[in-house]
Amino acid sequence: MKRRTLIIGGVGLAGMGLVGWLGWRETSRKAPQANNAMRAPVVVEPDPSQFFSESLPTLDGVEQAMMQFKGKPLVVNFWATWCPPCVKEIPDLNRLAAKHSQAVFLGVAVDTADNVRDFIKTVPIDYASVIAGHQGIDLVRALGNTAGGLPFTVLFKSDGSIEEVITGIVDPDALDRSVQKLVASSA
(Lines give C-alpha, C1' and ligand atoms only; values in the text may rest on other atoms or scores of the structure.)
Protein backbone atom coordinates (compact mmCIF):
# COMPACT_ATOMS: atom_id res chain seq x y z
CA MET A 1 0.00 0.00 0.00
CA LYS A 2 2.78 2.43 0.88
CA ARG A 3 4.66 1.65 -2.33
CA ARG A 4 1.59 2.36 -4.45
CA THR A 5 1.00 5.68 -2.61
CA LEU A 6 4.62 6.68 -3.22
CA ILE A 7 4.38 5.85 -6.93
CA ILE A 8 1.14 7.82 -7.36
CA GLY A 9 2.58 10.74 -5.39
CA GLY A 10 5.78 10.67 -7.47
CA VAL A 11 3.85 10.68 -10.74
CA GLY A 12 1.72 13.57 -9.44
CA LEU A 13 4.79 15.60 -8.46
CA ALA A 14 6.43 14.91 -11.82
CA GLY A 15 3.26 16.07 -13.59
CA MET A 16 3.14 19.27 -11.55
CA GLY A 17 6.82 19.89 -12.27
CA LEU A 18 6.25 19.42 -16.01
CA VAL A 19 3.31 21.83 -16.02
CA GLY A 20 5.36 24.40 -14.06
CA TRP A 21 8.31 24.06 -16.42
CA LEU A 22 6.09 24.44 -19.49
CA GLY A 23 4.46 27.55 -17.98
CA TRP A 24 7.85 29.04 -17.14
CA ARG A 25 9.16 28.32 -20.64
CA GLU A 26 6.14 29.97 -22.26
CA THR A 27 6.28 33.13 -20.14
CA SER A 28 10.06 33.46 -20.40
CA ARG A 29 9.76 33.74 -24.18
CA LYS A 30 7.84 36.97 -23.67
CA ALA A 31 10.07 38.32 -20.89
CA PRO A 32 12.98 39.58 -23.03
CA GLN A 33 10.65 42.06 -24.75
CA ALA A 34 9.45 43.40 -21.42
CA ASN A 35 12.98 43.51 -20.03
CA ASN A 36 14.27 45.35 -23.09
CA ALA A 37 11.54 47.93 -22.65
CA MET A 38 12.76 48.55 -19.12
CA ARG A 39 16.40 48.86 -20.23
CA ALA A 40 15.67 51.35 -22.96
CA PRO A 41 12.80 53.50 -21.72
CA VAL A 42 11.07 55.86 -24.04
CA VAL A 43 12.32 59.35 -23.30
CA VAL A 44 9.54 61.87 -22.95
CA GLU A 45 10.10 65.54 -22.27
CA PRO A 46 8.64 66.10 -18.79
CA ASP A 47 5.63 68.42 -18.65
CA PRO A 48 5.35 70.04 -15.19
CA SER A 49 2.32 72.08 -16.30
CA GLN A 50 0.07 69.01 -15.98
CA PHE A 51 1.14 68.54 -12.36
CA PHE A 52 0.59 72.20 -11.46
CA SER A 53 -2.82 72.25 -13.15
CA GLU A 54 -4.12 69.47 -10.86
CA SER A 55 -6.11 69.72 -7.64
CA LEU A 56 -5.73 66.73 -5.34
CA PRO A 57 -7.46 65.97 -2.03
CA THR A 58 -5.79 65.69 1.34
CA LEU A 59 -6.64 62.79 3.66
CA ASP A 60 -9.50 64.94 4.94
CA GLY A 61 -10.89 65.33 1.41
CA VAL A 62 -9.96 69.01 1.09
CA GLU A 63 -8.92 69.78 -2.49
CA GLN A 64 -5.47 71.32 -2.80
CA ALA A 65 -4.41 73.13 -5.97
CA MET A 66 -0.89 72.07 -6.87
CA MET A 67 -0.40 75.59 -8.27
CA GLN A 68 -0.17 76.83 -4.65
CA PHE A 69 3.28 75.20 -4.42
CA LYS A 70 4.72 77.22 -7.30
CA GLY A 71 7.02 79.96 -6.06
CA LYS A 72 8.75 77.70 -3.53
CA PRO A 73 11.39 74.99 -3.87
CA LEU A 74 9.32 71.79 -3.99
CA VAL A 75 10.16 68.11 -3.46
CA VAL A 76 7.33 65.84 -4.63
CA ASN A 77 7.46 62.15 -3.80
CA PHE A 78 4.99 59.80 -5.53
CA TRP A 79 4.48 56.68 -3.44
CA ALA A 80 2.02 53.95 -2.43
CA THR A 81 1.37 51.90 0.70
CA TRP A 82 1.83 48.66 -1.27
CA CYS A 83 5.30 49.71 -2.53
CA PRO A 84 8.09 48.44 -0.18
CA PRO A 85 10.78 50.87 -1.47
CA CYS A 86 8.32 53.75 -1.01
CA VAL A 87 7.69 52.74 2.59
CA LYS A 88 11.42 52.32 3.22
CA GLU A 89 12.26 55.89 2.17
CA ILE A 90 9.54 57.67 4.20
CA PRO A 91 11.68 58.06 7.37
CA ASP A 92 14.47 59.61 5.26
CA LEU A 93 11.99 61.99 3.64
CA ASN A 94 10.62 62.91 7.09
CA ARG A 95 14.14 63.72 8.29
CA LEU A 96 15.00 65.75 5.17
CA ALA A 97 11.70 67.67 5.29
CA ALA A 98 12.46 68.67 8.89
CA LYS A 99 16.03 69.65 7.97
CA HIS A 100 15.10 71.70 4.89
CA SER A 101 12.27 73.90 6.10
CA GLN A 102 12.90 76.33 3.20
CA ALA A 103 11.64 73.66 0.78
CA VAL A 104 8.15 72.19 0.65
CA PHE A 105 7.95 68.39 0.74
CA LEU A 106 4.79 66.86 -0.69
CA GLY A 107 3.82 63.20 -0.72
CA VAL A 108 1.49 62.18 -3.55
CA ALA A 109 -0.10 58.83 -2.74
CA VAL A 110 -0.92 56.67 -5.74
CA ASP A 111 -3.34 54.86 -3.49
CA THR A 112 -6.68 55.26 -1.70
CA ALA A 113 -7.28 57.60 1.22
CA ASP A 114 -8.40 54.66 3.38
CA ASN A 115 -5.17 52.77 2.73
CA VAL A 116 -3.08 55.85 3.53
CA ARG A 117 -5.06 56.59 6.72
CA ASP A 118 -4.42 53.03 7.95
CA PHE A 119 -0.79 53.19 6.90
CA ILE A 120 0.12 56.40 8.71
CA LYS A 121 -1.07 54.89 11.99
CA THR A 122 2.12 52.79 11.94
CA VAL A 123 4.43 54.86 9.70
CA PRO A 124 3.89 58.60 10.22
CA ILE A 125 4.41 61.06 7.38
CA ASP A 126 5.54 64.44 8.71
CA TYR A 127 5.12 66.46 5.51
CA ALA A 128 2.11 67.49 3.43
CA SER A 129 0.32 64.66 1.62
CA VAL A 130 -2.36 64.41 -1.03
CA ILE A 131 -4.15 61.47 -2.62
CA ALA A 132 -3.89 60.97 -6.37
CA GLY A 133 -5.25 57.44 -6.70
CA HIS A 134 -4.67 55.87 -10.11
CA GLN A 135 -4.47 59.35 -11.62
CA GLY A 136 -1.02 59.55 -10.00
CA ILE A 137 0.38 57.19 -12.64
CA ASP A 138 -0.67 59.65 -15.36
CA LEU A 139 1.10 62.41 -13.44
CA VAL A 140 4.38 60.49 -13.08
CA ARG A 141 4.27 59.71 -16.79
CA ALA A 142 3.70 63.39 -17.61
CA LEU A 143 6.74 64.17 -15.47
CA GLY A 144 8.94 61.85 -17.54
CA ASN A 145 8.55 58.47 -15.82
CA THR A 146 7.09 56.58 -18.78
CA ALA A 147 7.22 53.23 -16.98
CA GLY A 148 5.03 54.65 -14.22
CA GLY A 149 7.14 53.00 -11.51
CA LEU A 150 7.22 54.00 -7.85
CA PRO A 151 8.73 55.56 -5.88
CA PHE A 152 9.29 58.61 -8.03
CA THR A 153 10.60 61.94 -6.76
CA VAL A 154 10.70 65.28 -8.56
CA LEU A 155 12.50 68.42 -7.40
CA PHE A 156 10.88 71.59 -8.74
CA LYS A 157 12.51 75.01 -8.81
CA SER A 158 10.51 77.98 -7.51
CA ASP A 159 9.42 78.82 -11.06
CA GLY A 160 7.84 75.37 -11.45
CA SER A 161 10.50 73.96 -13.75
CA ILE A 162 12.07 70.61 -12.97
CA GLU A 163 15.48 70.64 -11.30
CA GLU A 164 15.90 66.87 -10.91
CA VAL A 165 13.99 63.61 -11.29
CA ILE A 166 14.72 60.51 -9.20
CA THR A 167 13.26 57.22 -10.36
CA GLY A 168 13.31 54.55 -7.65
CA ILE A 169 14.27 54.80 -4.02
CA VAL A 170 16.11 57.96 -3.01
CA ASP A 171 19.66 57.99 -1.68
CA PRO A 172 19.14 60.20 1.40
CA ASP A 173 22.62 61.77 1.24
CA ALA A 174 22.30 62.56 -2.48
CA LEU A 175 18.80 63.96 -1.97
CA ASP A 176 20.06 66.07 0.93
CA ARG A 177 22.68 67.63 -1.39
CA SER A 178 20.10 68.09 -4.17
CA VAL A 179 17.65 69.87 -1.85
CA GLN A 180 20.45 72.12 -0.55
CA LYS A 181 21.27 73.04 -4.14
CA LEU A 182 17.56 73.54 -4.94
CA VAL A 183 17.06 75.86 -1.97
CA ALA A 184 20.25 77.81 -2.76
CA SER A 185 19.19 78.33 -6.39
CA SER A 186 15.80 79.63 -5.25
CA ALA A 187 17.19 82.15 -2.77
Side-chain angles (χ1 to χ4, degrees), residues 27 30-94 96-97 103-157 160-172 175 178-179 182:
T27 58
K30 297 173 185 165
Q33 295 167 339
N35 291 339
N36 286 337
M38 291 301 292
R39 275 189 229 120
V42 176
V43 177
V44 173
E45 188 65 33
D47 180 14
S49 67
Q50 184 174 345
F51 174 78
F52 287 108
S53 69
E54 292 292 330
S55 283
L56 299 171
T58 63
L59 283 174
D60 300 329
V62 178
E63 290 288 322
Q64 297 291 309
M66 297 301 102
M67 183 61 84
Q68 72 179 312
F69 298 111
K70 236 177 179 180
K72 306 166 193 155
L74 176 63
V75 178
V76 178
N77 176 256
F78 291 87
W79 70 286
T81 61
W82 44 262
C83 166
C86 300
V87 172
K88 184 176 186 235
E89 71 184 6
I90 287 174
D92 292 325
L93 292 168
N94 282 338
L96 291 170
V104 175
F105 279 67
L106 177 67
V108 179
V110 183
D111 212 321
T112 66
D114 288 340
N115 286 349
V116 174
R117 268 190 221 93
D118 290 342
F119 175 81
I120 62 173
K121 291 175 185 172
T122 55
V123 180
I125 298 175
D126 300 332
Y127 45 89
S129 295
V130 292
I131 308 297
H134 293 298
Q135 171 188 357
I137 297 299
D138 294 335
L139 290 175
V140 299
R141 287 186 173 137
L143 293 170
N145 179 353
T146 57
L150 298 174
F152 180 66
T153 305
V154 183
L155 282 71
F156 291 97
K157 297 178 187 176
S161 63
I162 295 175
E163 171 75 18
E164 184 178 348
V165 170
I166 303 166
T167 303
I169 194 164
V170 298
D171 173 334
L175 183 58
S178 294
V179 174
L182 178 69

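Put simply, the side chain of Val76 does not reach to within 4.5 Å of the side chain of Leu143, judged on heavy atoms. Within the 4.5 Å cutoff, the side chain of Trp82 has heavy atoms near those of the Leu150 side chain. Side-chain contact between Glu54 and Val130 is absent, with no heavy atoms from C-beta onward closer than 4.5 Å.
For the residue pair Glu63 and Ser55, the shortest heavy atom distance occurs at OE1-O, 3.1 Å. Closest approach of Gln50 to Ala142, counting heavy atoms only: OE1-CB, 3.0 Å. Contact between Pro46 and Ile162 at its shortest, heavy atoms only, is CB-CD1, 3.5 Å. For Asp92 against Pro172, the heavy-atom pair with the smallest separation is OD2-CG, 3.5 Å. What you find for Val110 and Ala80 is that their closest heavy atoms are O-CB, 3.5 Å. Closest approach of Arg117 and Asp114 over heavy atoms only: NH1-OD1, 2.7 Å.
Atom CD1 of Ile166 sits about 9.5 Å away from atom CZ of Phe152, to the nearest 0.5 Å. Note that CE of Met66 and OG of Ser49 are 14.5 Å apart. Values are rounded to the nearest 0.5 Å. Rounded to the nearest 0.5 Å, atoms NE2 (His134) and OG1 (Thr112) are 8.5 Å apart. Here Phe52 contributes atom CZ and Gln68 contributes atom CD; the two are 10.5 Å apart, rounded to the nearest 0.5 Å. Interatomic distance, Ile125 CD1 to Asn77 CG, rounded to the nearest 0.5 Å: 8.5 Å. Phe105 CZ to Leu93 CG: the interatomic distance, rounded to the nearest 0.5 Å, is 6.5 Å.
Listed by chain and number, the residues in a ring pair (Phe, Tyr, Trp, His ring centres under 6.0 Å) with Phe69 amount to none (sequence neighbours excluded).
Phe78 and Phe51 have perpendicular rings, their planes meeting at more than 60° on a 0 to 90° scale where under 30° would count as parallel.
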(request) Kindly indicate, with the supporting measurements, whether the criterion side-chain contact (heavy atoms from CB on, under 4.5 Å) is fulfilled by Leu182 and Lys157. (result) CA-CA 7 Å; Leu182 178 69; Lys157 297 178 187 176; 4.2 Å; yes
(message) Please determine whether side-chain contact (heavy atoms from CB on, under 4.5 Å) holds for the pair Glu89 and Leu175, giving the CA-CA distance in whole Å, both sets of side-chain angles, and the decisive distance to 0.1 Å.
(response) CA-CA 11 Å; Glu89 71 184 6; Leu175 183 58; over 6 Å; no
(message) side-chain contact (heavy atoms from CB on, under 4.5 Å) for Val75 and Leu96? Distances and angles first, verdict last.
(response) CA-CA 10 Å; Val75 178; Leu96 291 170; over 6 Å; no
(request) Give the C-alpha distance, both sets of side-chain angles, the deciding distance and a yes or no for side-chain contact (heavy atoms from CB on, under 4.5 Å) between Val87 and Thr81. (result) CA-CA 7 Å; Val87 172; Thr81 61; 5.7 Å; no
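Proximity of a side-chain donor or acceptor of Asn94 to a complementary backbone N or O of Pro124 within less than 3.5 Å is detected.
Gln64 pairs with exactly one of Leu106, Thr58, Ile131 by the side-chain contact (heavy atoms from CB on, under 4.5 Å) rule, that one being Thr58.
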